[in-house]
Chemist: 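Encoded as structure tokens, here's the structure I'll be asking about.
Heads up: numbering here begins at 1 and tracks the sequence. FYI, side chains are in, hydrogens and waters are out, and symmetry mates aren't considered; it's all heavy atoms of this structure.
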Amino acid sequence: MFDKLLIANRGEIACRIAATAARLGIASVAVFSEADRHAKHVLACDEAVGVGPPAARESYLQGGRIIAAALESGAQAIHPGYGFLSENAAFARACQDAGLIFIGPPAAAIEAMGSKSAAKSLMEEAGVPLVPGYHGHDQDPVVLAAAADAIGYPVLIKASAGGGGKGMRIVTAPADFGAALHSCKREARAAFGDDAVLVEKYLLRPRHIEIQVFADRHGRCIYLFERDCSVQRRHQKVLEEAPAPGMTRARREAMGAAAVAAAQAVGYVGAGTVEFIVNQDESFYFMEMNTRLQVEHPVTEMITGFDLVEWQFRIAAGEALPARQDELVMHGHSLEARLYAENPERGFLPATGCLERLRFPEAVEFAVARVLAAGASRAALRIDSGIREGDSITPFYDPMIAKLIVWGKDRPEALSRMVTALGKTQIVGLHTNLAFLSRLVDCAAFRSADLDTGLIERHHAALFPAPAPVDWNSVALAAAVVLATERRDEGADPWSRRDGWRLNGRATRELRFAHGDDMCVAALRYGAQGCTLTLGGQSGSFTLGAVTQGSIEIRLGEGALEAEFEWQGTLLHLFGRDSQIVLDWLDAHPPDFEAFVEEGRLTAPMPGKVVAIMTEPGAAVERGAPLLVMEAMKMEHTITAPRAGVVAEIRFAVGEQVAEGAELLVFAAEPGTP
């Protein structure tokens, strides 16, 4: 086994690899961009080397610099993690040419599976079932459109060299094919440097199930069961679990055999994932093979008890697979939730900013429980994260904050533990999908395992409900935090006291809070023995209890309440035992907090680059018409007209970078408006 390796990645996967290396006594070397100089993964490794500016194409994608860093540091091996250079055949070959061990498959296997079209042909020869579609080399739009007509709508256009939902569009009618194809090719060219696409039949209500495979250099290949990754947004996974609910032994064996056949067809070595799309009639079809470790590999580790990164190390060092197929046993059930900096209410737009508060429930970070016997004790919660409290999410990289992974003796227990883990996670500073994840794992469809890739869209109303009115307990706790905050400024003289004392009696005041678009007004009447709080006709005695830094206790009527809290400007974040809420204290706003915001100006929802403009000054457009396209965090986002009107002015050109909130164009609400 090698004694020193370089990790050519960042974030949670770099931390994950470093943890296994440390456990095995292997020294690790981190690489970092200028934006990641003080990142968590840098501190997790024994050494660190800078490789360039913040943009990935100028740092983490610079294979030559990474190989030079490995050679200079004395590393014998490079682990690429996932993303970046992990599926780059030229990089794998360059590592070999430099005398370095590439912890991944041979370059030829990466090349074979790197083109979805070529991979489909190989799988057809190997007898692996395929989705009906066009995988040819002719990329003439007329040919592609004719193929779509022959396949029958709906169809799916996919970047041939792609992954992660990039360069992918569902098309339901021939009239929409041309625009979708153009957008796919542009996004694929930007993300992968290759705009070739394939066209496939889009199956209705399919499941996404993948098989984890491992192969060694001695001709052995096995599969470590399956993962269900059906719950997705924008073609990207949100929740993953193992084993797949409802999976029969016969279908598992059939899919496992197909996955092994796929790996053997390309001479595979190391960890890989064969992804299948599964129809409601249980028929399954090959989608693609990811020639690397997957983001969701922890759920497989949790049910098998094996450290898959350690397996990668050993196979790369020439050792045989640590187990035979007949020795593999599943124990219990595992779920993984991907916690992202994004705004689900705005189409899951990525978010940037500082994580002013990041608190997880007690967990075993990067721990992999060892299976000693059936029912053996193991970690119930695992947190994989490359982010710490105080770190910032930047526009340069994927906005994942952490992965929450739970284990239970069965799916109901694992699901219960996930609900608890999400409920106890606390984040302040930017938009995240935390509340959305809580609703998702608690929705009836997911609980009953009624899974398919359209689950989120199909249950949109339940997953994006109107905000509930602010409850009595939350307002009482918010009022208590306001009083405690005010009393910190009290002096010894009576004029600075904040206890409501007046010369001729006690004071009454109103406290105004906003929750989304709703505003609530609580009346607080001071008394000699405490206060009375009134909200919407409900009143009760109100007494402050213990107040510490970031936590508060109160007596409300006959009961007691407690919560943790954190201020973010005028926003008050309250973290109760089983609930979280954010209230805006309106009384703390400056007098012009309701200042008029001029209509007709469209602003950038996030930092990014303008990649296409579909209109011009003076053009009359209808509501929803596409105006321009921004690229941010490797994805395209189309800015549309908020109403019928006229484009008065366009402020940016194609290729220009824009900051979040930048005014993109001026839009007149009615035709003819100046």
Chemist: For the pair Ser392 (side chain) and Thr394 (backbone), establish whether a donor and an acceptor sit closer than 3.5 Å, ignoring hydrogens and angles.
Modeler: no
Chemist: Taking the side chain as every heavy atom from C-beta outward, state whether Trp311 and Leu224 have any pair of such atoms under 4.5 Å apart.
Modeler: yes
Chemist: On the ring face of Phe348, is Arg234 found with NZ or CZ under 6.0 Å from the centre and within 45° of the axis?
Modeler: no
Chemist: Which pair of heavy atoms, one from Gly63 and one from Leu85, lies closest together, and at what distance?
Modeler: CA-CD1, 3.8 Å
Chemist: Do you know which two heavy atoms are closest between Leu434 and Leu422, and how far apart they sit?
Modeler: CD1-O, 3.7 Å
Chemist: So, taking the atom named CG in Leu437 and the one named CG in Leu404, what distance separates them when rounded to the nearest 0.5 Å?
Modeler: 8.5 Å
Chemist: Students often mix this up, so state it plainly: with edges at 30° and 60°, are the rings of Phe91 and Phe102 parallel, tilted or perpendicular?
Modeler: perpendicular
Chemist: Look only at the side chain of Ser59 and the backbone of Pro53, and say whether a donor-acceptor pair between them is shorter than 3.5 Å.
Modeler: yes
Chemist: Would Ile7 and His41 count as a side chain to side chain contact (heavy atoms under 4.5 Å, CB included) if you check the C-alpha gap in whole Å, the side-chain angles of each, and the deciding distance to 0.1 Å?
Modeler: CA-CA 10 Å; Ile7 305 170; His41 78 273; over 6 Å; no
Chemist: For the OH atom of Tyr397 and the CG atom of Asn9, what is their distance to the nearest 0.5 Å?
Modeler: 11.0 Å
Chemist: Which pair of heavy atoms, one from Arg207 and one from Thr453, lies closest together, and at what distance?
Modeler: C-CG2, 4.5 Å
Chemist: So do the side chains of Glu362 and Leu381 get within less than 4.5 Å of each other, counting heavy atoms only?
Modeler: no
Chemist: Could you list the residues that satisfy side-chain hydrogen bond (donor to acceptor under 3.5 Å, both in side chains) with Thr291, not counting sequence neighbours?
Modeler: Glu87
Chemist: Could you please spell out the steps behind the side chain to side chain contact (heavy atoms under 4.5 Å, CB included) verdict for Ile209 and Asp228?
Modeler: CA-CA 5 Å; Ile209 296 177; Asp228 193 307; 3.9 Å; yes
Chemist: Going through the distances and angles, do Ile13 and His297 end up as a side chain to side chain contact (heavy atoms under 4.5 Å, CB included)?
Modeler: CA-CA 11 Å; Ile13 184 58; His297 75 274; 4.3 Å; yes
Chemist: Are the side chain of Ser334 and the backbone N or O of Val406 linked by a donor-acceptor pair below 3.5 Å?
Modeler: yes
Chemist: Can you confirm whether Glu34 is buried at CD, in the sense that more than 12 heavy atoms of other residues, nucleotides or ligands lie under 6.0 Å from that atom?
Modeler: yes
Chemist: Contact between Arg16 and Lys403 at the side-chain level, heavy atoms closer than 4.5 Å - yes or no?
Modeler: no
Chemist: Will you find, in the side chains of Arg292 and Gln294, an N or O donor that is under 3.5 Å from an N or O acceptor?
Modeler: yes
Chemist: Applying side-chain hydrogen bond (donor to acceptor under 3.5 Å, both in side chains), name anything that partners Arg338, two or more places apart in sequence or on another chain.
Modeler: Glu240, Glu296, Tyr340
Chemist: Using salt bridge (charged side-chain N to carboxylate O under 4.0 Å, His left out), reason through Glu226 and Arg251 one step at a time and then give a plain yes or no.
Modeler: CA-CA 11 Å; Glu226 79 282 351; Arg251 187 170 67 168; over 6 Å; no
Chemist: Hey, does the side chain of Gln76 reach the backbone of Lys4 with a donor-acceptor pair shorter than 3.5 angstrom?
Modeler: yes
Chemist: Without swapping roles, check the side chain of Ser86 against the backbone of Gly83 for a donor-acceptor pair under 3.5 Å.
Modeler: yes
Chemist: Considering the options Glu564, Glu566, Glu389, which one meets the side chain to side chain contact (heavy atoms under 4.5 Å, CB included) requirement together with Gln426?
Modeler: Glu564
Chemist: Supply the atom-to-atom distance Ile401 CD1 to Thr432 OG1, rounded to the nearest 0.5 angstrom.
Modeler: 5.5 Å
Chemist: Might you point out which heavy atoms bring Lys40 and Cys15 nearest each other, and give the distance in Å?
Modeler: CG-SG, 3.9 Å
Chemist: Does Leu321 reach the side chain of Ile315, with side-chain heavy atoms less than 4.5 Å apart?
Modeler: yes
Chemist: Please report the C-alpha distance between Leu440 and Leu455 in whole Å, then the side-chain angles of each, then the deciding distance to 0.1 Å, and finally whether the side chain to side chain contact (heavy atoms under 4.5 Å, CB included) criterion is met.
Modeler: CA-CA 10 Å; Leu440 183 57; Leu455 183 148; 3.8 Å; yes
Chemist: With distance as the sole criterion, is a donor-acceptor pair present between the side chains of Arg227 and Thr273 under 3.5 Å?
Modeler: yes
Chemist: Kindly give the heavy-atom pair with the smallest separation between Phe306 and Ala323, and that separation in Å.
Modeler: CZ-CB, 4.5 Å
Chemist: Between Asp307 (side chain only) and Glu310 (backbone N and O only), is there a donor and an acceptor less than 3.5 Å apart?
Modeler: yes
Chemist: Quick one: CG on Leu430 to CD on Gln568, what's the gap to the nearest 0.5 Å?
Modeler: 8.0 Å
Chemist: Taking all heavy atoms of Val29 and all of Ser73, pick out the closest pair and write down the distance.
Modeler: CG2-OG, 3.8 Å
Chemist: Hey, are the side chains of Tyr268 and Val274 touching, using non-hydrogen atoms and a 4.5 Å cut-off?
Modeler: no
Chemist: Indicate whether any N or O donor in one side chain lies under 3.5 Å from an N or O acceptor in the other, for His573 and Gln580.
Modeler: no
Chemist: If only side-chain N and O atoms count, and only distance matters, is there a donor-acceptor pair under 3.5 Å linking His333 with Glu241?
Modeler: yes
Chemist: Arg417 side chain to Trp407 main-chain N or O, any donor-acceptor pair under 3.5 Å?
Modeler: yes
Chemist: Could you check whether atom NE2 of His208 has more than 12 heavy atoms from other residues, nucleotides or ligands sitting under 6.0 Å from it?
Modeler: yes
Chemist: Are Ile427 and Leu339 close enough that some pair of their side-chain heavy atoms sits under 4.5 Å apart?
Modeler: yes
Chemist: Between Val49 and Glu72, is there a side-chain heavy-atom distance shorter than 4.5 Å?
Modeler: no
Chemist: Do side-chain atoms of Glu413 reach the backbone of Lys409 as a donor and acceptor pair under 3.5 angstrom?
Modeler: yes
Chemist: For salt bridge (charged side-chain N to carboxylate O under 4.0 Å, His left out), just list the numbers for Arg93 and Glu111, CA-CA rounded to whole Å, side-chain angles, deciding distance to a tenth of an Å, and then say yes or no.
Modeler: CA-CA 11 Å; Arg93 191 170 286 112; Glu111 286 174 333; 3.3 Å; yes
Chemist: What I'd like to find out is whether the side chain of Phe225 reaches to under 4.5 Å of the side chain of Met247, using heavy atoms alone.
Modeler: no
Chemist: Are more than 12 heavy atoms, taken from residues, nucleotides or ligands other than Arg359, located less than 6.0 Å from that residue's CZ atom?
Modeler: yes
Chemist: Closer than 3.5 angstrom, by distance alone: can the side chain of Arg65 be matched with the main-chain N or O of Glu58 as a donor-acceptor pair?
Modeler: yes
Chemist: Quick one: CG on Leu293 to OG1 on Thr300, what's the gap to the nearest 0.5 Å?
Modeler: 9.5 Å
Chemist: Near His38 NE2, under 6.0 Å, is it more than 12 heavy atoms from other residues, nucleotides or ligands?
Modeler: no
Chemist: Just by distance, do the side chain of Gln325 and the backbone of Tyr223 share a donor-acceptor pair under 3.5 Å?
Modeler: yes
Chemist: Going from CZ on Phe446 to CE on Met418, what distance comes out if it is rounded to the nearest 0.5 angstrom?
Modeler: 8.0 Å
